[in-house]
Amino acid sequence: MFKPDLSFAEACLEVRRTIIETAFKCGQATHIGGSLSMVEILNTLFSEILVHRPHEPEWNDRDVFILSKGHAVLGYFAVLHRQGYFSAEKLATFQTNGSDLIAHPVKKEVLGIESSNGSLGQGLAYGMGMALGMRKRGQDRRVYVMLGDGECNEGSVWESAATAAELGLGNLTAIIDENGFRNDGPNTTYAGRVVLANVWRAFGWNVIEIDGHDHQVILNAFQNARHTTDTPTAIVARTVKGRGVDFMENNNDWHHNRITANVFERCLKVLDGCDLPKLDASGEPSV
């Protein structure tokens with residue numbers, strides 16, 4: 001539940017603990033690495049940027065967030081819980097029979113879940129349609145879509161990117177969690193000569209490259225996007241998969257895995273003593 005007295009770092013640590021604890025309690029394999037990598041981004045978005053009312057989730061003037069990389073839903077649920085969309089008891093039903101909270105998002109607006117997503121590559125098209133509808137109705141609302149860099153291998157992402165730029169949808173922001181991995185290993189599609197941010201630029205988007213774990217930088221990027229009215233914005237965020245748990249960081253074994261009792265204890269020890277460094281310009285932890 002939302003605690004306004006926590007610092008940003010403390011709030012992110014709380015979300016990470018929630019992710020780990022929920023993954024452990026459900027007793028099943030979950031997508032952990034990609035959930036941990038987007039914590040700072042979602043905490044900034046939901047706490048300081050997104051226009052929304054957790055106590056009135058179907059409010060007509062709300063902004064919309066869509067998790068296109070739907071497998072990382074546990075990170076999304078942890079933030080929704082912290083914001084007050086549902087209780088700890090509800091969150092504890094994650095991946096249990098009959099629960100609304102399963103391994104991928106299933107649309108249920110009263111819980112803050114704005115879209116269903118399973119197969120990758122769908123969220124941007126869905127968000128683009130919503131953004132276009134908002135503009136046609138003259139609504140002052142925005143749509144934010146979170147994608148993974150591996151997801152950007154889907155052709156449907158680029159069909160949507162081309163159309164959104166052509167339509168000049170300034171109320172649409174794509175957030176790309178560029179943690180460098182996909183399900184089967186390193187995301188080599190965007191490496192060396194092919195820079196993911198440059199691909200978005202080539203499609204005509206306002207592109208902002210950031211450290212996806214630096215609160216102020218993330219906040220500045222979202223504010224930039226809000227003031228860009230005639231072009232969609234792509235925030236390409238360099239992140240660390242498994243961020244915050246040292247033995248999970250950049251370890252793709254934790255893309256999808258089960259947390260045992262021993263692993264759970266290791267995670268808690270790490271989180272209890274964590275001091276997260278910022279990334280430097282190359283994407284490496286700064287000394």
Side-chain angles (χ1 to χ4, degrees), residues 4 7-8 11-12 37-54 56-57 59-69 76 79 83 112 114-115 123-149 152 157-158 160-178 195-239 278-279 281 283:
S7 70
F8 182 78
C12 290
S37 65
M38 64 184 191
V39 169
E40 282 82 7
I41 297 169
L42 289 193
N43 247 350
T44 303
L45 178 63
F46 275 82
S47 296
E48 301 179 72
I49 295 294
L50 198 72
V51 177
H52 65 130
R53 294 177 179 176
E56 191 181 346
W59 178 45
N60 288 332
D61 292 328
R62 71 188 184 279
D63 290 341
V64 170
F65 171 76
I66 294 169
L67 182 66
S68 190
K69 48 172 279 184
Y76 180 28
V79 171
Q83 291 290 319
E114 297 279 4
S115 70
L124 189 61
Y126 189 87
M128 177 180 65
M130 294 187 79
L132 180 60
M134 292 170 183
R135 189 175 72 178
K136 285 181 176 292
R137 294 184 181 94
Q139 297 174 325
D140 183 19
R141 301 171 64 194
R142 298 189 63 85
V143 179
Y144 298 87
V145 181
M146 169 76 82
L147 306 97
D149 54 340
C152 292
V157 170
W158 303 116
S160 301
T163 304
E166 181 181 351
L167 293 171
L169 293 178
N171 61 338
L172 176 65
T173 298
I175 310 154
I176 299 88
D177 181 5
E178 191 179 23
V195 177
L196 181 55
N198 288 344
V199 180
W200 285 93
R201 289 190 182 96
F203 276 87
W205 287 55
N206 169 42
V207 177
I208 308 168
E209 296 179 74
I210 65 169
D211 173 348
H213 300 300
D214 186 315
H215 174 221
Q216 190 59 53
V217 169
I218 297 167
L219 184 60
N220 292 345
F222 280 129
Q223 290 171 340
N224 178 305
R226 289 194 71 86
H227 290 96
T228 302
T229 59
D230 58 352
T231 306
T233 294
I235 299 174
V236 181
R238 298 187 320 275
T239 63
K278 293 181 180 180
L279 301 182

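Just so you know, these numbers use all the heavy atoms, side chains as well, and skip hydrogens, waters and symmetry mates.
- Minimum interatomic distance between Gly212 and Ile218 (heavy atoms only, all atoms of both residues): O-CD1, 3.4 Å.
- Residue pairs meeting the side chain to side chain donor-acceptor pair (under 3.5 Å) criterion with at least one partner in residues 162-175, sequence neighbours excluded, are Arg142-Thr173.
- Judged purely by distance below 3.5 Å, without hydrogens or angles, the side chains of Asn206 and Thr231 never pair a donor atom with an acceptor atom.
- Residues that satisfy the side-chain hydrogen bond (donor to acceptor under 3.5 Å, both in side chains) test with Glu178, not counting sequence neighbours, are absent from this structure.
- You'll find the side chain of Met146 reaches within 4.5 Å of the side chain of Leu42, heavy atoms only.
- Val157 places a side-chain heavy atom less than 4.5 Å from the side chain of Trp200.
- Atom-to-atom distance recorded for Asp149:CG and Ile176:CD1 is 9.0 Å, nearest 0.5 angstrom.
- To the nearest 0.5 angstrom, Ile208 atom CD1 is 10.5 Å from Ile175 atom CD1.
- Here the closest heavy-atom approach between residue Glu209 and residue Ala197 is recorded as CD-CB, 3.4 Å.
- Looking at Thr239 and Ile41, their side chains come closer than 4.5 Å, going by heavy atoms from C-beta outward.
- Here the straight-line distance linking atom CG of Leu219 with atom CD of Glu40 works out to 13.5 Å at 0.5 Å rounding.
- Listed here is the closest heavy atom pair of Ala164 and Leu172: CB-CD2, 3.8 Å.
- Taking 4.5 Å as the limit, some side-chain heavy atom of Phe8 sits within range of a side-chain heavy atom of Thr44.
- Under the 3.5 Å distance criterion, the side-chain polar atoms of Trp205 are left unmatched by any main-chain donor or acceptor of Val199.
- Residues that satisfy the side-chain hydrogen bond (donor to acceptor under 3.5 Å, both in side chains) test with Arg141, not counting sequence neighbours, are Gln139.
- The CG atom of Leu132 lies 10.5 Å from the CE atom of Met134; values are rounded to the nearest 0.5 Å.
- Using a 4.5 Å cut-off on side-chain heavy atoms (C-beta onward), Asp63 and Arg226 make contact.
- In terms of modelled atom types and a separation under 3.5 Å, the side chain of Arg135 and the main chain of Gly170 share no donor-acceptor contact.
- In this structure, Arg238 CZ and Asp214 CG are separated by 9.5 Å, a value rounded to the nearest 0.5 Å.
- The heavy-atom pair separating Ser37 from Asp177 by the smallest distance is OG-OD2, 2.6 Å.
- Between Asp61 and Val51, the closest side-chain pair of non-hydrogen atoms is not below 4.5 Å.
- Screening Tyr144, Phe46, Phe65 for a ring pair (Phe, Tyr, Trp, His ring centres under 6.0 Å) with His52, the sole residue that qualifies is Phe46.
- Residues Ser47 and His215 form no side-chain contact, since every pair of their non-hydrogen atoms from C-beta on lies 4.5 Å or further apart.
- In this structure, Leu147 and Ala174 approach most closely via the heavy-atom pair CD1-CB, 3.8 Å.
- Atom SG of Cys152 is separated from atom CG of Leu196 by 5.0 Å, given to the nearest 0.5 angstrom.
- Nearest heavy atoms, Ala125 versus Ser160: CB-OG, 3.3 Å.
- Here the side chains of Glu48 and Asn43 are not in contact, with every heavy-atom distance at 4.5 Å or above.
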